[in-house]
Amino acid sequence: MAARRGAMAAEGPSSLLALSAAAVSRSMAALEPDVWALPGHLLRGLLPLLSVFRLERAEAAARRAGLSTQPVWRKLWDDVMKTRPPNSESITCWRKKFLETFFSNVLHGVLDVSSDWRLNDHHFSPLLHSSPHVTQLTLCNMLQGAVELTAEHNQKVLENLAHSLRILKFQHLLSSDQSVRHSLVLLLHRLIHHGSVSQLSIYSWPVPDTVLLVLILSMSAGFWRSGNALAYRSSPCGLCREEGNAQSQGSTREQPEREWSDGENLKGSCGALKEADVQVEGDGQGAGPGQNSGLSRLSCPLQNRACEEASSKVSCDHASMQGGSSCCSKQLSCHPVLRKSRRRLKSAVGKKRRCLRRSRGLCADPDDLYDFVFTVAREDSSGLLDKNSIAEGENAGNWTSSSSGYPCSGNAGCKKRGGSAGIFPLKTAPRFRSVSTLELCSIPLTGDMCRTLSNLLSSWVSLENLVLSYNGLGANIFCILSGLRALSRHPDCRLHVLRVSDVFSHMPCMELVRCILSTLPQLHTLSVSFDLKNQLEGNGPEGNPSCSDAEIPESCLEQLEIRFPREPLHTMFLLPVLKASKSLQQLSLDSATLPSSQELGLLLQALKECNPSLKKLSFHDVNLADHQKEVLLLLQDPVLQEISFSFCRLFESCTAEFLTEIINTVKRNSSLKSLRLPGNRLGNHRLVALADIFSEDSSSSLCQLDVSSNCIKPDGLLEFTKKLEGHIQQRGGRIQFTHLRLFQNWLDQDAETAQEALRRLKAVCSVVNDSWDSSQAFADYISVM
């Protein structure tokens, strides 16, 4: 209270109303019901004096009184967080923004609640009261946050997150011990399997911990082993127990054979296990229902390479004879309670059994996380495809075969690499709920890890968005595609968005695009991006013959983004993609080189013939200085609504006549809504000329104009503003222009003139700019002139 009185005293003498509001705020515990009934003008003066606990409870009363609490929450952010959040212009609810950030800062120990009197309320439990507003959470480093959230005293906090959290992120993770991993398992099980998390993202993990990474990926895919070591405070998960009771009651009734979908919890595990081609060697230890699924059978550790190679040879050879079925003939009997079991293996896998026995001292306890993790990690990816797909791959000699010149994840590739031991039929494994979006960014993925991920992807039917960014995949991209290929054949497959980016391209971009679309014709969005061309890659367009010759079926593609590593753009190789993508609406080409002056014209002709629905076309870092005719043809296209020429050197050597033609073409085009021209050296005089697009005789419907990074100075912007105001006045104030982007221009050279220009512009349209220091970038700009 002393801090509150000090804050009021600093603001100067208070009115009687302000003093009364302060007195009421100190007695809110007793007066709260009466306070919520106050009229709006009284409640308005009281809101800034409330603690976070009371302010959050005042939301409904303020809404009834016609008041908004947003200004109060925004001031609270400024006072407590003392930073400007990124993209603050797009924040629609400062209440949610504050409480979500507050939760994260308290969880990670970077905010002291005693630092501000509004946070220091004995009724206020920081994590508990802010958790219902958290939709996005990031866990870092040693996963201290996971340990805290799964502590017994935070059980209600975890329940709140299970309902509110949608995005879970991991960043800068470090290796962790067994107890931390157990906490992480409990957290993922509650938030994903029994919660609402739909997106899981992992960022910046230069040296990933294999155990931890596989654990996160497996549980995100809906797999979980319910052993004693993973029980919640020495008792099974309550939600799982309820479902187990429900399934045991219905176990006496026959259930039809079915496949497991990711949207369901653990049901009918008995029927599934009877169909599973899995053989487990019992060792007298108790095995839970989750272990029977095959996820938790004992396996040799990955470190035991001799053991692994011996066992994989047997399993791979046997798998090839059986067409991808399990290497074991007998099946597990099913029972809902824990019990001991022993099974004999066939002589064909005798080596594997002896291997398991010899390495028993190295293997973890049956209830250890390592069983779960390494079982998934070591699964032979030959089990990804069903018998039909394997037969088709062998007969058709498709791109997954080892004869293509790229390592594959099929049987041959498995044997060549000394692959994993045993086959794990994901199709019949019990599944929990899984996430629909997976992002792996700046995480090196080894061959083993790619096979593990491919294995998980093959049955991840709930997956809608997959982002693989800077993972050093190389040839392992085909291992990932083999899993996605198996997934695409599932009738419930929902994968619609795939984004792949990396430093080096293993093959020409267009070849990879054709491979992906021939594998996943149901994609709606495909983005392929590479920084540099692999030095080992040939310069010719033919790299993988099976990819180049693969026929692309008619696809559902609506958005295609390609970032070339300075490769030539050959329309003849893009043409099959365009022909197969009749529904294409957005096309973005980045960092491509045009091998001839006719190439861009051929591309425009192909787009006109093959993609009549194209609405957005973007060129970035493509030299269009010598393609003025094609640029004008694009600007007069009656179908395109958004055109972007970003850093295309558009006005590098243009004449005044070319600029006039551009302006007149845009004035006549009533379908164009957005024109982006960043980084094209407009300068002041060309910017002023662009104002004529909105003249009285114009039929343009242009709403958005982007002139960022164009060396625009304050006096040029002010002249543009005055000319625009004149055109608006001539048109009687009727203009559709709504947004102007001005990032990274030289507006700091005359702050007063720039402020006047921006003030007048903001009366006309929405202006987005930044406080950019042009002096730091001037030398860089001169160097590329």
Side-chain angles (χ1 to χ4, degrees), residues 509-510 513 541 559-564 566-579 581 584-683 686 689-690 692-693 699-702 704-707 709-710:
C509 281
M510 285 313 309
V513 169
Q559 182 175 348
L560 176 61
E561 301 173 359
I562 307 175
R563 182 166 180 251
F564 299 84
R566 290 299 170 189
E567 287 180 5
L569 171 61
H570 292 282
T571 304
M572 61 178 293
F573 300 124
L574 182 59
L575 188 59
V577 174
L578 299 179
K579 286 182 177 179
S581 308
L584 191 66
Q585 297 183 16
Q586 300 182 44
L587 176 62
S588 176
L589 302 175
D590 187 345
S591 302
T593 59
L594 299 174
S596 67
S597 57
Q598 294 82 24
E599 202 64 46
L600 186 57
L602 294 174
L603 174 61
L604 300 186
Q605 184 65 28
L607 291 174
K608 185 176 181 180
E609 295 175 357
C610 303
N611 309 102
S613 301
L614 191 68
K615 299 292 191 296
K616 300 179 182 180
L617 181 60
S618 173
F619 292 93
H620 176 79
D621 198 12
V622 179
N623 189 353
L624 299 179
D626 299 325
H627 296 82
Q628 298 179 2
K629 177 182 176 182
E630 289 79 8
V631 169
L632 293 174
L633 287 174
L634 281 174
L635 291 174
Q636 66 186 22
D637 189 289
V639 179
L640 287 175
Q641 296 180 0
E642 297 184 20
I643 299 178
S644 176
F645 299 112
S646 176
F647 294 89
C648 291
R649 304 164 71 173
L650 207 57
F651 303 106
E652 181 177 281
S653 57
C654 80
T655 61
E657 289 77 11
F658 176 57
L659 180 61
T660 302
E661 290 179 10
I662 285 181
I663 295 171
N664 291 334
T665 301
V666 176
K667 286 170 65 175
R668 292 191 298 267
N669 190 342
S670 60
S671 62
L672 188 62
K673 306 294 182 184
S674 174
L675 179 60
R676 300 186 67 248
L677 301 171
N680 281 290
R681 307 176 185 178
L682 274 172
R686 294 191 184 100
L690 288 180
D692 289 335
I693 293 175
S699 57
S700 171
S701 300
L702 196 66
Q704 301 182 23
L705 178 63
D706 187 349
V707 290
S709 304
N710 269 298

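Given the structure is predicted, the values throughout are model-derived calculations rather than measurements.
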Worksheet item: Aromatic rings H620 and F647: how do their planes relate, parallel, tilted or perpendicular, breaks at 30° and 60°?
Response: perpendicular
Worksheet item: With N669, which residues qualify under side-chain contact (heavy atoms from CB on, under 4.5 Å), at least two apart?
Response: S671, L672
Worksheet entry | side-chain hydrogen bond (donor to acceptor under 3.5 Å, both in side chains) contacts in which one or both residues fall within residues 584-599, not counting sequence neighbours | T571-E599
Side chains of residues 622-641: which donor-acceptor partners sit under 3.5 Å, not counting sequence neighbours?
| residue | atom | partner | partner atom | Å |
| --- | --- | --- | --- | --- |
| N623 | OD1 | A625 | N | 3.1 |
| D637 | OD1 | V639 | N | 2.7 |
| D637 | OD1 | L640 | N | 3.1 |

Listed pairs under 3.5 Å, donor-acceptor, residues 611-618 side chains, sequence neighbours left out:
| residue | atom | partner | partner atom | Å |
| --- | --- | --- | --- | --- |
| N611 | ND2 | L578 | O | 3.2 |
| N611 | ND2 | S581 | O | 2.7 |
| K615 | NZ | S613 | O | 3.2 |

Response to the item:
Residues at least two apart in sequence or cross-chain that pass ring pair (Phe, Tyr, Trp, His ring centres under 6.0 Å) with F564, listed by chain then number, are none
Discussion item. Can you list everything that forms a side-chain contact (heavy atoms from CB on, under 4.5 Å) with S699? Sequence neighbours excluded, please.
Written reply: none
Fill in: Non-neighbouring partners of S670 that pass side-chain contact (heavy atoms from CB on, under 4.5 Å), sequence neighbours left out
S701
Discussion item. Tell me whether D621 is salt-bridged to R649, with the criterion being a basic N under 4.0 Å from an acidic carboxylate O.
Written reply: no
Fill in: Residue pairs fulfilling side-chain hydrogen bond (donor to acceptor under 3.5 Å, both in side chains) with at least one residue in residues 658-668, sequence neighbours excluded
K667-S695, K667-D697
Worksheet entry | For E609, all residues meeting salt bridge (charged side-chain N to carboxylate O under 4.0 Å, His left out), sequence neighbours excluded | none
Discussion item. K579: which residues meet the side-chain contact (heavy atoms from CB on, under 4.5 Å) condition with it, sequence neighbours left out?
Written reply: L575, C610
Worksheet, complete the sentence: The side chain to side chain donor-acceptor pair (under 3.5 Å) partners of R676 (sequence neighbours excluded) come to S644, D706
Worksheet, complete the sentence: Minimal heavy-atom distance between N680 and L650, with the atoms involved, is OD1-N, 2.9 Å
